[in-house]
Amino acid sequence: MRGSKGLLIGVLLLPAAPVVAQEAADAAATGAEAPSPRLRLFGQNGVGVVLYTNTTCTRKFDEKIRASGSMGSAFGSMLGKVKNEALGIPETATTRSIGQRGMLLSKAYFREYPLQAGTPVVVEAGAGSPAGWRCDRLITAAFTPEDGKDYEAAFDVDFSDGVCTLKVNAVAADGRLSRVPVVPASADCAAPATAATEG
């Protein structure tokens with residue numbers, strides 16, 4: 001879909017083979033309980049990212065967490081004083097290159113959140129700037145986290161191609177990323193989305 005500002009926007013939804021974190025494999029081998037899943041979200045001034053818990057839609061949910069786009073985070077990002085908030089998810093190529101995500105008056109940062117295994121979540125993202133770059137609608141990705149796994153969701157605006165994408169990856173213990181199958185958030189909360197589709 002091409003928006004009013006000429007941006008082509010869509011959700012990149014590609015199935016991938018399951019990724020089993022080393023912690024989960026170790027827990028299974030010893031009979032210990034696997035650690036709870038965790039999710040890393042990226043934000044910066046001009047980008048809004050929201051996490052909805054226990055849902056496959058954005059109308060009914062247990063909790064709405066604004067990871068990026070609040071007045072406080074936008075102000076901190078603009079001044080370059082916003083800090084990362086980590087829970088211990090392994091470093092990835094995305095975190096190592098986080099400085100490249102930043103722009104003038106828009107420092108990039110990340111925040112990590114604990115999730116509940118087996119309970120679906122929705123990540124919603126959008127972008128807009130006084131400079132004129134924006135996505136013409138919000139992009140959503142719903143998935144169900146698994147015990148012992150870490151995840152990373154990154155929203156990107158490619159200025160060369162005018163494409164907005166939201167990618168969800170599983171993070172292995174060594175920091176490698178593998179695509180997680182996701183679906184757009186359901187328009188009807190009573191009827192969850194069941195198949196990955198192109199946005």
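The first residue in the sequence is number 1, and the count goes up from there.
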- prompt: Does the pair Thr95 and Arg40 meet the rule for a side chain to side chain contact (heavy atoms under 4.5 Å, CB included), with working shown?
  reply: CA-CA 10 Å; Thr95 58; Arg40 176 188 292 138; 3.5 Å; yes
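- Linking Ile, Leu, Val, Met, Phe, Trp and Tyr whenever their side-chain heavy atoms come within less than 4.5 Å puts Val47 and Val123 in one cluster.
- When atom types are taken as modelled, the side chain of Ser97 and the backbone of Ala93 share a donor-acceptor pair closer than 3.5 angstrom.
- The two residues Ala153 and Phe42 have their closest heavy-atom pair at O-CD1, 3.5 Å.
- Hydrophobic clustering, with ILVMFWY side chains joined whenever heavy atoms are under 4.5 angstrom apart, groups Leu41 together with Val182.
- Taken to the nearest 0.5 Å, the CG atom of Leu115 stands 11.0 Å off from the CG atom of Asp147.
- Hydrophobic clustering of Ile, Leu, Val, Met, Phe, Trp and Tyr side chains at less than 4.5 Å, counting indirect connections, unites Tyr151 with Leu166.
- Closest approach of Pro90 to Ala172, counting heavy atoms only: CG-O, 3.6 Å.
- Contact detail for Pro37 and Gln116: the closest heavy-atom pair is CG-C, 4.1 Å.
- Tyr113 OH to Leu51 CG: the interatomic distance, rounded to the nearest 0.5 Å, is 7.5 Å.
- The pair Arg38-Glu112 does not meet the salt-bridge criterion, since no charged nitrogen lies less than 4.0 angstrom from a carboxylate oxygen.
- Linking ILVMFWY residues whenever their side-chain heavy atoms come closer than 4.5 Å, directly or via other members, places Ile139 and Val168 in the same cluster.
- Distance alone, capped at 3.5 Å, places no donor-acceptor pair between the Arg111 side chain and the Glu85 backbone.
- The CZ atom of Arg179 sits 6.0 Å away from atom NZ of Lys167, with the distance rounded to the nearest 0.5 Å.
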task: Kindly determine whether Leu177 and Val171 satisfy side chain to side chain contact (heavy atoms under 4.5 Å, CB included), including the steps that lead there.
output: CA-CA 5 Å; Leu177 299 174; Val171 181; 3.7 Å; yes
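- Here the side chains of Val50 and Lys64 are in contact, with some heavy-atom distance below 4.5 Å.
- Phe61 and Phe143 sit in two unconnected hydrophobic clusters of ILVMFWY residues. Membership requires side-chain heavy atoms under 4.5 Å apart, directly or through other members.
- Using modelled atom types, no side-chain atom of Ser186 and backbone atom of Cys57 make a donor-acceptor pair closer than 3.5 Å.
- A donor-acceptor pair under 3.5 Å links the side-chain atoms of Asp174 to the main chain of Arg176, judged by distance alone.
- The CD1 atom of Ile89 sits 6.5 Å away from the CG atom of Leu39 when rounded to the nearest 0.5 Å.
- Side-chain contact between Asn84 and Ile98 is present, with at least one heavy-atom pair separated by less than 4.5 Å.
- The CZ atom of Phe155 sits 10.0 Å away from atom OG of Ser68, with the distance rounded to the nearest 0.5 Å.
- With rounding to the nearest 0.5 Å, the separation of OG1 in Thr144 from CG in Asn54 is 10.0 Å.
- Of the N and O atoms on the side chains of Glu152 and Thr94, at least one donor lies less than 3.5 Å from an acceptor on the other residue.
- The backbone N or O of Ala185 sits nowhere less than 3.5 Å from a side-chain atom of Thr56 that would complete a donor-acceptor pair.
- No hydrogens or angles considered: nothing links the side chains of Tyr52 and Glu63 as a donor-acceptor pair under 3.5 Å.
- For Pro145 against Pro120, the heavy-atom pair with the smallest separation is CD-CA, 4.5 Å.
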